[in-house]
2 protein chains.
Amino acid sequence: MTATAHAPRLPLTRDRVLQAAIAYADKAGVEALSMRRLGQELGVEAMSLYNHIANKEDLLDGMVDVIVQEIEEPASTGDWKTILRARILSARQALLRHPWASAVMVTRTNMTPTMMRYMDSVIGILRRGGFSIDLAHHTIHVLGSRMLGFAQELYDDTEALEASPEIAAIMLKQMADEYPHITELAMEISHDEGSIVGTGCDDLFEFEFALDLILDGLERSLERT
Amino acid sequence: MTATAHAPRLPLTRDRVLQAAIAYADKAGVEALSMRRLGQELGVEAMSLYNHIANKEDLLDGMVDVIVQEIEEPASTGDWKTILRARILSARQALLRHPWASAVMVTRTNMTPTMMRYMDSVIGILRRGGFSIDLAHHTIHVLGSRMLGFAQELYDDTEALEASPEIAAIMLKQMADEYPHITELAMEISHDEGSIVGTGCDDLFEFEFALDLILDGLERSLERT
DNA sequence: ACCTGAACACCGTTCAAGT
DNA sequence: ACCTGAACACCGTTCAAGT
């Protein structure tokens with residue numbers, strides 16, 4: 001079999017498998033990522049992958065691990081609040097590059113070394129800032145997934161506006177009766193978004209609003225000690 | 001609630017399907033819930049279910065819907081903060097009865113009428129408390145999943161202590177080098193938990209700490225207007 | 001109107017067999 | 001040591017056929 005027609009076959013490695021999985025999830029979504037398709041992507045049978053990863057859970061753990069490694073440590077100086085804020089917003093940047101990542105992180109139950117290292121560094125920032133062990137512990141709970149740069153957004157704001165404007169207008173009448181407050185809020189949002197190019201900016205505003213509210217609250221807790 | 005295979009066969013209804021699905025998830029976990037198994041549970045072929053639910057997504061939507069309906073509206077009077085706090089802690093109670101519910105909620109993208117009604121009532125509490133539309137909107141983002149009574153706990157506290165005490169002690173030495181802050185925190189927690197019966201109480205403490213920190217922050221935002 | 005059998009197009013994973 | 005073919009035990013979903 002001549003190999004000239006195809007690219008010279010690199011040997012499979014764990015890293016190459018993870019990179020291919022991430023690239024595929026980036027372009028097709030995680031829900032489309034199966035062992036068979038990943039094998040296909042690498043020019044290999046699905047079963048070969050098991051020589052480099054234990055199983056699909058291990059694959060997903062590894063993918064998340066790579067993303068967390070991508071979080072850059074901003075060279076910020078200052079108090080704990082400034083440093084932590086920069087670190088979390090940096091994590092958010094890494095997450096935004098991989099839209100599937102937050103959904104997968106939520107399903108992880110195994111701590112990976114990279115994840116441990118990240119959490120350890122966050123706790124370190126707090127401890128050096130004067131947080132007691134207990135307060136640092138509570139902070140981890142308060143931040144939750146926000147520590148990694150994503151929030152548990154229950155539903156998308158824009159969902160209600162997905163229908164065509166004419167249909168939306170009719171639905172609005174019905175909605176206004178049953179859900180007056182949501183309707184009121186949705187209309188306000190749709191006004192706002194008309195005046196902005198894109199919605200990414202808005203999301204950042206909401207994320208920072210929540211983050212700062214929490215950081216301010218923590219600062220008060222710290223001062224109270 | 002689930003009919004045994006020998007009982008006289010009740011006609012299948014959407015509600016009976018949802019109740020059976022919830023009961024099965026309660027006892028076996030959602031990951032074990034398949035259309036085939038649910039059919040089995042109801043003494044029926046899996047394909048019959050499609051006469052009452054559109055597909056599995058619809059099944060999960062319906063299950064969540066039932067849980068949200070189970071959230072009791074506490075008859076609390078007072079300011080927005082007291083009322084909202086009671087409502088969220090009541091939501092937490094409903095969620096605790098169904099350990100799988102929060103994981104499923106996180107994957108929902110379709111708003112159901114019951115979900116809309118719940119969110120509308122929360123926004124209503126805020127608006128009556130003097131929140132502007134914008135601040136009410138931000139509040140939804142700040143609360144995120146906490147509005148429904150659960151937090152995005154990234155990893156379980158107790159995980160590090162799952163191994164046997166002897167092995168844990170050896171691991172601790174290695175861990176202390178690589179992850180000093182996590183180790184310090186984990187040891188503090190293990191001390192605390194030794195003095196308490198069960199951990200459910202502790203989880204409530206963390207939940208309330210975070211909730212109160214957020215509510216206090218919102219109160220300050222409100223006063224600033 | 002509701003339920004079923006058979007079938008389709010997938011999954012993750014194993015294991016003996018090949019190179 | 002790594003890769004493959006075949007197979008196992010599952011999935012969700014469809015559709016024509018039965019009652």
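Throughout, protein chains are lettered first and strands after them, A, B, ... in sequence-line order, and every chain is numbered starting at 1. All values derive from a computational prediction rather than experimental measurement.
- With P as the reference atom, C:dA9 and D:dC10 are 22 Å apart, rounded to whole Å.
- With salt bridges taken as basic N to acidic carboxylate O contacts below 4.0 Å, none links A:E45 and A:R36.
- For B:K56 and C:dC11, the NZ to P distance is 16 Å, given to the nearest whole Å.
- Here the side chain of A:S34 is nearest to one of C:dG12, C:dC3, D:dG12, namely C:dG12.
- Side chain of B:E45, nearest nucleotide from C:dG12, C:dG5, D:dG5: C:dG5.
- If you run side-chain hydrogen bond (donor to acceptor under 3.5 Å, both in side chains) between A:Y24 and each of A:R37, A:E41, A:Q19, only A:R37 comes through.
- Taking only side-chain nitrogens and oxygens, A:R37 comes nearer than 4.0 Å to OP1 or OP2 of C:dC11.
- A salt bridge does not link A:R87 to A:E72: none of the charged side-chain nitrogens sits closer than 4.0 Å to a carboxylate oxygen.
- Distance, B:E31 CD to D:dC11 C1': 15 Å, rounded to whole Å.
- What separates CZ of A:R36 from P of D:dA6 is a distance of 14 Å, to the nearest Å.
- Side chain of A:Y118 to backbone of A:M147: a donor-acceptor contact under 3.5 angstrom is found.
- In terms of the ring pair (Phe, Tyr, Trp, His ring centres under 6.0 Å) criterion, A:F150 has no residue partners (sequence neighbours excluded).
- Nucleotide C:dG12 holds its P atom 11 Å from the CD atom of A:E57, rounded to whole Å.
- Remark: B:R117 fails to qualify as a cation-pi partner of A:Y179 under the 6.0 Å distance and 45° angle criteria applied to the six-membered ring.
- Atom-to-atom, CG of B:L42 to P of C:dT4 comes out at 11 Å; the value is rounded to the nearest Å.
- Closest to the A:S48 side chain, of the nucleotides D:dC3, C:dT13, D:dG12, is D:dC3.
- The nucleotide whose nearest atom lies closest to any side-chain atom of A:M47 is, among D:dG5, D:dG12, C:dT4, D:dG5.
- In the set D:dC3, C:dT4, D:dG12, the nucleotide with an atom closest to the side chain of A:N51 is D:dC3.
- Taking atom OH on A:Y50 and atom P on D:dC3, their separation rounds to 15 Å, with Å as the unit.
- Ion pairing between a basic and an acidic side chain is recognised when a charged N comes within 4.0 Å of a carboxylate O; A:R108 and A:D65 show no such pairing.
- Distance CE (B:M35) to P (C:dA7): 21 Å, rounded to an integer number of Å.
- With C:dG12, D:dC3, D:dT13 as the choices, the nucleotide that has an atom nearest any side-chain atom of A:L12 turns out to be D:dC3.
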How does DNA chain C look in dot-bracket form if you count Watson-Crick and G-U pairs under 3.5 Å, write [ ] for pairs that cross, and put | where a base pairs with another strand?
||.|||||...|||||.||

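- With the nearest nucleotide of DNA chain C identified for both A:A32 and A:A54, A:A32 has the one nearer the 5' end.
- The separation between B:L38 atom CG and D:dC11 atom C1' is 14 Å, rounded to whole Å.
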